[in-house]
Undergrad: 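There's a structure below that I have some questions on.
Both backbone and side-chain heavy atoms feed into the values below; hydrogens, waters and symmetry mates do not. A note on names: the letters A, B, ... follow the listed sequences, proteins ahead of strands, and every chain is numbered from 1. The model shown is predicted, which means the values in this text are computed figures rather than measured ones.
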Number of protein chains: 2
Amino acid sequence: MITTVLLVDDHPVVRSGLRAVLGSADAVQIVGEAATGEEALTLAAHLHPDVVLCDLRLGNGIDGIQTTTALRALDPAPAVLILTTFDRDAEILGAIEAGAAGYLLKEVDPEVIIDGIQRAAAGDTVLTPDLASRVLKGMRSPLPKLTDREIDVLRLLATGSANKEIARTLFVTEATVKSHLVHIFTKLGVDSRSRAIHVAQETGLI
Amino acid sequence: MITTVLLVDDHPVVRSGLRAVLGSADAVQIVGEAATGEEALTLAAHLHPDVVLCDLRLGNGIDGIQTTTALRALDPAPAVLILTTFDRDAEILGAIEAGAAGYLLKEVDPEVIIDGIQRAAAGDTVLTPDLASRVLKGMRSPLPKLTDREIDVLRLLATGSANKEIARTLFVTEATVKSHLVHIFTKLGVDSRSRAIHVAQETGLI
DNA sequence: ATGCGCCTCAGCCATTTGGTTGATCTTCGT
DNA sequence: ACGAAGATCAACCAAATGGCTGAGGCGCAT
């Protein structure tokens with residue numbers, strides 16, 4: 001049984017690399033390549049690959065997580081294996097929640113990728129050991145969800161805006177901004193704007 | 001005249017991709033591969049490649065800029081062409097200042113890389129058009145150099161530490177921290193810690 | 001229709017932060 | 001030996017920030 005794979009990565013060089021790496025494996029066959037999430041969706045709908053190997057960062061257009069969600073809604077749904085450079089906690093969690101079968105970092109050796117593809121096709125969850133523990137940690141302490149408005153404030157906060165500026169930008173009073181901030185701080189478990197920015201970035205919240 | 005190239009990238013997949021891409025070009029020949037900066041230096045010293053194609057992010061060990069500096073100190077010095085995913089201003093500037101012959105983003109097409117290698121070997125500076133303008137902008141407004149101590153403070157600042165914490169961590173008084181902060185703010189042209197964090201991150205200062 | 005969550009706003013208070021001036025000490029290069 | 005630059009600290013002041021209580025309005029789901 002050979003496993004069909006669709007490559008999704010916005011870097012031509014990386015696609016070449018994966019082509020080279022997977023080309024040496026008899027058990028997997030690349031049936032298509034896409035540079036964007038949109039492309040990936042149309043191709044997957046036609047080609048019905050067993051596995052979609054997908055980067056998280058996809059330059060322009062929808063990102064890897066959105067792509068994953070949409071791919072999983074197809075029938076039959078391909079297994080989605082995320083292969084990326086980054087290891088931000090929120091992104092890993094997000095990918096898993098979106099229905100990804102696994103998450104591999106690009107620093108791994110070719111065999112691991114080939115193995116991962118086959119395990120993903122078989123329905124297994126595939127995570128490198130270091131990531132697995134992080135995912136479990138993430139399970140234990142789920143970061144509280146911020147409301148849309150709070151995210152708005154947080155984003156501006158991260159650009160270094162003062163309360164007054166944030167208020168002007170969002171067309172509300174400073175009191176409102178302060179109110180949002182108190183909620184944000186409480187949810188993030190911090191007591192200063194700088195630290196809020198820090199944990200927001202660490203957890204990939206922004 | 002064929003151009004000899006040393007690949008430096010911590011991702012096996014990317015190296016495979018470059019191998020595939022450059023393998024199709026008669027004018028360039030890969031003479032070696034390294035996964036770390038240290039490896040790159042020893043290999044370059046022995047192989048004397050015309051061009052070193054180097055990622056900026058090199059996982060563990062020294063980074064691409066340090067590697068570039070060290071490579072340029074060799075005799076004969078190879079041309080160093082940075083090929084990376086990121087385009088932070090300070091990193092581009094840093095690479096150029098370190099003596100890199102150019103800076104390409106991984107999203108470019110294979111031909112651009114091949115062309116870039118040959119131009120770099122010929123002594124040209126190679127930048128994608130969008131990057132070139134950014135470099136010029138960077139020339140106009142060189143960000144002032146921070147002292148070592150100021151960087152220490154800035155790093156702690158970026159983790160969200162309050163003045164009191166920074167003082168404790170660095171074994172100085174709060175007055176000293178405030179003094180450093182004033183200097184940092186002045187040099188960065190900001191007036192709040194949050195914004196200092198923001199520009200520091202934007203410019204790749206930390 | 002009755003809550004519940006979210007967004008909005010107000011006032012008060014303690015603390016932190018940013019801005020200023022000025023001082024001592026060390027180090028480094030010339 | 002001299003000045004320049006950096007690191008350290010002090011005192012003071014104005015402004016911003018963080019923590020608190022409380023409150024009105026709006027949409028949405030049960």
Undergrad: For Lys164(B), which contact category applies under a 4.0 Å heavy-atom criterion: base, sugar-phosphate, or nothing?
TA: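 Counting heavy atoms under 4.0 Å across all strands, the contact made by Lys164(B) is with sugar-phosphate only.
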Undergrad: Got Lys106(B) and Val14(B) here, is their nearest side-chain heavy-atom distance under 4.5 Å?
TA: yes
Undergrad: So which one's nearest nucleotide on DNA chain C is more toward 5', Ser179(B) or Ser194(B)?
TA: Ser194(B)
Undergrad: Please pick, from dT17(D), dC9(D), dG18(D), the nucleotide with the shortest atom-to-atom distance to any side-chain atom of Asp191(A).
TA: dG18(D)
Undergrad: Think Arg193(A) has a side-chain N or O under 4.0 angstrom from the OP1 or OP2 of dT17(C)?
TA: no
Undergrad: Of the candidate nucleotides dA10(D), dC9(C), dT17(D), which contains the atom at the shortest distance from the side chain of Ala175(B)?
TA: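 Among dA10(D), dC9(C), dT17(D), the one nearest the side chain of Ala175(B) is dA10(D).
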Undergrad: Please state how far atom CG in Asp148(A) lies from atom P in dG27(D), giving the value in whole angstrom units.
TA: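 Atom-to-atom, Asp148(A) to dG27(D), this comes out as 16 Å.
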Undergrad: By the 4.0 Å heavy-atom rule, please label Thr147(B) as base, sugar-phosphate, or nothing.
TA: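 Contact class for Thr147(B): sugar-phosphate only.
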Undergrad: By the definition side-chain contact (heavy atoms from CB on, under 4.5 Å), identify the one residue from Leu105(A), Leu104(A), Asp109(A) that meets it with Glu107(A).
TA: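 So, applying the side-chain contact (heavy atoms from CB on, under 4.5 Å) to Glu107(A) and each of Leu105(A), Leu104(A), Asp109(A), only Leu105(A) qualifies.
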Undergrad: Side chain of Arg155(A), backbone of Ile206(A): donor and acceptor closer than 3.5 Å?
TA: no
Undergrad: Look at the side chain of Thr173(B) and decide which nucleotide, out of dT20(C), dG18(C), dC9(D), has an atom nearest to it.
TA: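 Closest nucleotide among those given: dC9(D).
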Undergrad: For Leu181(B) and dT16(C), give me the distance from atom CG to atom C1', rounded to whole Å.
TA: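 Nearest whole value for this atom pair: 12 Å.
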Undergrad: Rounding to an integer number of Å, can you tell me how far Glu174(A) CD sits from dA15(D) P?
TA: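 For the pair Glu174(A) CD and dA15(D) P, the rounded distance is 13 Å.
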Undergrad: When Thr4(B) is tested against each of Leu47(B), Ile117(B), Asp50(B) for side-chain contact (heavy atoms from CB on, under 4.5 Å), which residue passes?
TA: Asp50(B)
Undergrad: Just the rounded figure in Å: distance from P of dC9(D) to CZ of Arg168(B).
TA: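 Going from CZ in Arg168(B) over to P in dC9(D) covers 15 Å.
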Undergrad: Please give, in whole Å, the distance from dA7(D) P to Leu146(B) CG?
TA: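 Atom CG in Leu146(B) sits about 10 Å away from atom P in dA7(D).
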Undergrad: Given that Arg149(B) and Val190(A) both sit by DNA chain D, which one's nearest nucleotide is further toward the 5' end?
TA: Arg149(B)
Undergrad: At under 4.0 Å between heavy atoms, what does Val182(B) touch on the DNA or RNA strands: base, sugar-phosphate, or nothing?
TA: base
Undergrad: Round to a whole Å and report the spacing from CZ of Arg195(A) to P of dG19(D).
TA: 12 Å
Undergrad: Report the distance from atom CD1 of Ile197(B) to atom P of dT17(C), rounded to the nearest whole Å.
TA: 11 Å
Undergrad: Going by atom types only, do Thr176(B) and Ser179(B) share a side-chain donor-acceptor pair under 3.5 Å?
TA: no
Undergrad: Give a yes/no on whether any side-chain N or O of Asn163(A) is located under 4.0 angstrom from OP1 or OP2 of dA16(D).
TA: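 Asn163(A) to dA16(D) OP1/OP2: no side-chain N or O under 4.0 Å.
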Undergrad: If you check the Phe185(A) side chain, which of dT17(C), dG19(D), dT8(C) turns out closest?
TA: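 Ranking dT17(C), dG19(D), dT8(C) by closest atom to the Phe185(A) side chain puts dG19(D) first.
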Undergrad: NE2 of His183(B) versus P of dA4(D): gap in Å, rounded?
TA: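 That distance rounds to 17 Å.
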Undergrad: To the side chain of Lys178(A), which of dT17(C), dG19(C), dG19(D) is closest?
TA: dG19(D)
